[in-house]
Each structure stands twice: as C-alpha cells, then as structure tokens.
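Values reported hereafter were calculated over all heavy atoms of this structure, with side chains retained and with hydrogens, waters and symmetry mates removed.
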2 protein chains.
Amino acid sequence: MPTPVATPVRRESPVVPVQESEAPCCVPSHGQESLLAGEAEALAARFKALADPNRLRILSIVSSSPEAETCVCDLSEPLNLGQPTVSHHLKIMVEAGLLTREKRGVWAYYSLVPGALDSLAATLSPKASR
Amino acid sequence: MPTPVATPVRRESPVVPVQESEAPCCVPSHGQESLLAGEAEALAARFKALADPNRLRILSIVSSSPEAETCVCDLSEPLNLGQPTVSHHLKIMVEAGLLTREKRGVWAYYSLVPGALDSLAATLSPKASR
DNA sequence: TCGATACATCGACACTCGTCGATGCCTAGC
DNA sequence: GCTAGGCATCGACGAGTGTCGATGTATCGA
C-alpha cells in the first residue's frame with residue numbers, strides 16, 4: 001500500500017468550503033470530505049445554466065441592454081433561434097436564479113438577478129477575482 | 001480541437017464585453033452584438049466542465065488536499081465512482097484547463113491550474129466577488 | 001366581441017453526457 | 001523478462017439536453 005502524499009496541511013479552500021480530506025492515498029476515507037453531495041448538485045445546477053453558448057449570449061445581451069432588461073423577441077433574432085427555444089433557455093436561467101421575469105402587457109422582460117453572477121463567481125474564487 | 005489550458009480571459013462589462021443592443025423591441029438588429037458565437041462556445045465549454053456535481057467535488061478535494069494535488073485513487077472512494085469514471089471526469093477538466101496532470105511513477109497527480117478558476121470567476125463578475 | 005400579437009407549453013427528435021465493465025498501456029519491483 | 005498495480009481508453013447503455021413545429025394562453029386594439 002503506497003503512501004505518496006500525506007501531509008495534513010490545509011490552505012484556504014478555493015472552490016467552496018471543504019471539510020476534511022487527508023487520506024494518505026487510496027484509503028477508504030469514505031466520509032463527507034469535499035463538498036456535500038447536495039451542495040455540489042445545487043452548484044452544478046447553476047453552472048449548468050451557464051454551460052450553453054446561447055444562454056451565455058442571452059446573459060450578455062440582457063446585461064448590456066439599456067435598462068438591463070430584454071424581451072424575448074430581442075433575443076430570437078440575434079441568436080438565430082426559434083422563439084420556443086429562447087423561451088426555454090430563459091426559463092432555465094430563471095429557475096437557476098440568474099434572471100427574473102417581469103411581464104408588462106404582452107411583453108415579458110427579463111433582467112439579471114442582482115448579485116447572482118457575483119455569488120457564483122465568489123464560489124469559484126472566494127477571495128477575489130482581481 | 002486544440003487544448004484550451006488557461007485561455008485568455010477578459011474582464012470589463014459583466015458577463016463579457018458586449019457592444020450595442022438597444023433595438024426598441026422586436027427589431028431585426030441582427031448584427032453580432034453580444035458574445036461572438038465562438039467566444040460563447042469556448043466559455044460554455046469551460047462552464048460545462050463545472051456543470052457536474054462530481055466534478056465540483058473533485059475540484060474541492062483537489063484544492064483542499066495537502067499540496068493541492070491528488071491521485072485518482074484518492075477520488076474514486078469518496079465519490080463512490082468507478083476508476084474509469086473518475087479518469088473521465090479528470091480528463092474533461094484537464095481539457096477545460098482547470099486541472100493539470102503530472103505523472104510520477106505509477107501515480108498520476110492532478111492539481112489546480114493556478115488562476116483558472118479566478119479567470120472564470122472574473123468572467124462572471126469582472127470587478128469583484130463580494 | 002373578435003382578431004392580432006407576444007409568449008409559454010407540449011411532444012418529438014437527434015444528439016450529448018455520465019456511468020460502467022472490459023481491456024490495454026506503462027511503470028516499478030522481482 | 002515477468003508480474004502486479006495504477007491509470008487511460010474503448011464500447012455500450014440509459015438519461016438528459018437543445019432544438020423545432022404545433023398549439024395553448026393572455027393581453028391589447030379595433
């Protein structure tokens with residue numbers, strides 16, 4: 001049984017707080033080091049909302065629009081996507097907590113959730129992002 | 001496809017620089033506002049590497065390990081995943097430029113690419129992260 | 001009241017992704 | 001050389017995802 005690295009020392013913990021995690025190597029530590037499964041899943045769900053080029057472009061368009069809000073029809077054209085597809089992407093991002101929907105008359109305006117992206121960024125690099 | 005590994009990142013404008021995009025509503029602006037399709041795809045690819053709970057946990061374990069490096073066998077157990085699956089996830093993150101692989105003897109040690117997560121975080125929230 | 005418009009939802013399809021067992025490669029030790 | 005062990009790769013399978021056309025819903029104007 002080899003034991004390569006095994007120096008119990010911890011720094012801060014990028015990528016989200018962690019608990020314990022210093023099994024020598026190939027030892028059934030088994031416990032809940034690292035992210036708790038539930039937390040990892042919640043985080044992954046939010047990153048999944050960012051894991052699509054068209055959704056990133058939607059975020060880009062929304063955040064750069066005059067009042068930081070955009071209606072569906074503004075997105076369909078530049079993205080070369082059908083209206084149902086755009087609605088689908090928007091719904092995903094609303095459910096991920098990245099966008100909010102406000103219906104005014106016939107139009108639905110989408111805008112960024114303040115701090116949503118920041119908090120995700122903080123998860124990636126807790127201290128700062130230069 | 002070439003290997004990304006620490007791609008350049010831009011800051012400024014939230015979610016990445018954008019140009020103009022203020023058509024009244026439902027006007028064929030058509031141009032390339034927003035992210036360029038290629039950039040959006042590259043970014044999405046990196047977020048996709050984060051869009052899985054097990055990969056997030058791998059990052060967590062790696063970053064919290066003594067020397068910020070871990071071998072495959074350290075991951076298979078706590079994640080309850082088979083060794084091929086862990087290797088698969090690691091490969092994805094290496095190709096995304098998040099991890100680096102260093103083989104020493106029989107073992108393969110994975111460690112975080114310095115600044116990789118920070119640059120991704122900066123893409124989300126250019127100025128700071130809380 | 002009726003038609004037009006903006007958007008959401010539904011059903012379907014092709015494609016990708018996460019996972020596994022089986023197998024191959026490479027290094028260390030005998 | 002030969003064997004053992006750690007890891008990568010391959011092939012396959014089920015589940016999930018992005019996209020679309022068709023249809024439903026709600027609001028506004030005539």
Checklist entry - How about A:R55 and A:S60: does a side-chain donor come under 3.5 Å of a side-chain acceptor? => result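 No donor-acceptor contact under 3.5 Å links the two side chains.
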Next on the checklist: Show, in sequence, the C-alpha distance, side-chain angles and deciding distance for A:L75 and A:L81, and conclude whether the side-chain contact (heavy atoms from CB on, under 4.5 Å) test is met.
Outcome noted: CA-CA 8 Å; A:L75 299 167; A:L81 290 179; over 6 Å; no
Checklist entry - For residues 91-104 of chain A, which residues have at least one heavy atom under 4.0 Å from DNA chain C? => result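 Those residues are A:K91, A:R101.
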Next on the checklist: Using heavy-atom distances to pick each residue's nearest nucleotide on DNA chain D, tell me which of A:T85 and B:V72 is more 5'.
Outcome noted: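 First, find each residue's nearest nucleotide; the 5'-ward one identifies B:V72.
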To the nearest Å, give me how far apart [atom1] ([X]) and [atom2] ([N]) are.
{"X": "B:E41", "N": "C:dT16", "atom1": "CD", "atom2": "C1'", "value": "14 Å"}
{"X": "B:H89", "N": "D:dA8", "atom1": "NE2", "atom2": "C1'", "value": "15 Å"}
{"X": "B:L79", "N": "C:dT19", "atom1": "CG", "atom2": "C1'", "value": "13 Å"}
{"X": "A:Y109", "N": "C:dA8", "atom1": "OH", "atom2": "P", "value": "13 Å"}
{"X": "B:K48", "N": "D:dG16", "atom1": "NZ", "atom2": "C1'", "value": "12 Å"}
{"X": "B:I58", "N": "C:dG18", "atom1": "CD1", "atom2": "C1'", "value": "12 Å"}
{"X": "A:D52", "N": "C:dT16", "atom1": "CG", "atom2": "P", "value": "13 Å"}

Checklist entry - B:D74 and B:V62: side-chain contact (heavy atoms from CB on, under 4.5 Å), yes or no, with the steps? => result CA-CA 9 Å; B:D74 273 335; B:V62 169; over 6 Å; no
Considering only [options], which nucleotide approaches the side chain of [X] most closely?
{"X": "B:N54", "options": "C:dC7, C:dT19, D:dC7", "result": "C:dT19"}
{"X": "B:W107", "options": "D:dC7, C:dT19, D:dC20", "result": "D:dC7"}
{"X": "B:V106", "options": "C:dC7, D:dG5, C:dG18", "result": "D:dG5"}
{"X": "B:L81", "options": "C:dC20, D:dT17, D:dC20", "result": "C:dC20"}
{"X": "B:H88", "options": "C:dG18, C:dC7, D:dC20", "result": "C:dG18"}
{"X": "B:A108", "options": "C:dC7, C:dT19, D:dA8", "result": "D:dA8"}

Under 3.5 Å, which donor-acceptor pairs do the side chains of residues 91-101 of chain A form with other protein atoms, sequence neighbours left out?
residue: A:T100; atom: OG1; partner: A:S111; partner atom: O; Å: 3.4
residue: A:T100; atom: OG1; partner: A:S111; partner atom: OG; Å: 3.0

Checklist entry - Between A:Y110 and C:dA6, does any side-chain N or O lie under 4.0 Å from OP1 or OP2? => result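 Checking A:Y110 against C:dA6: no side-chain N or O falls below 4.0 Å of OP1 or OP2.
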Could you measure the distance from the [atom1] atom of [X] to the [atom2] atom of [Y]? Nearest 0.5 Å is fine.
{"X": "A:F47", "Y": "B:L124", "atom1": "CZ", "atom2": "CG", "result": "7.0 Å"}
{"X": "A:S76", "Y": "A:I58", "atom1": "OG", "atom2": "CD1", "result": "9.5 Å"}
{"X": "B:L43", "Y": "A:L56", "atom1": "CG", "atom2": "CG", "result": "5.5 Å"}

Checklist entry - With distance as the sole criterion, do the side chain of A:Q83 and the base of C:dA8 form a donor-acceptor contact below 3.5 Å? => result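 By the distance-only test, yes, there is a pair.
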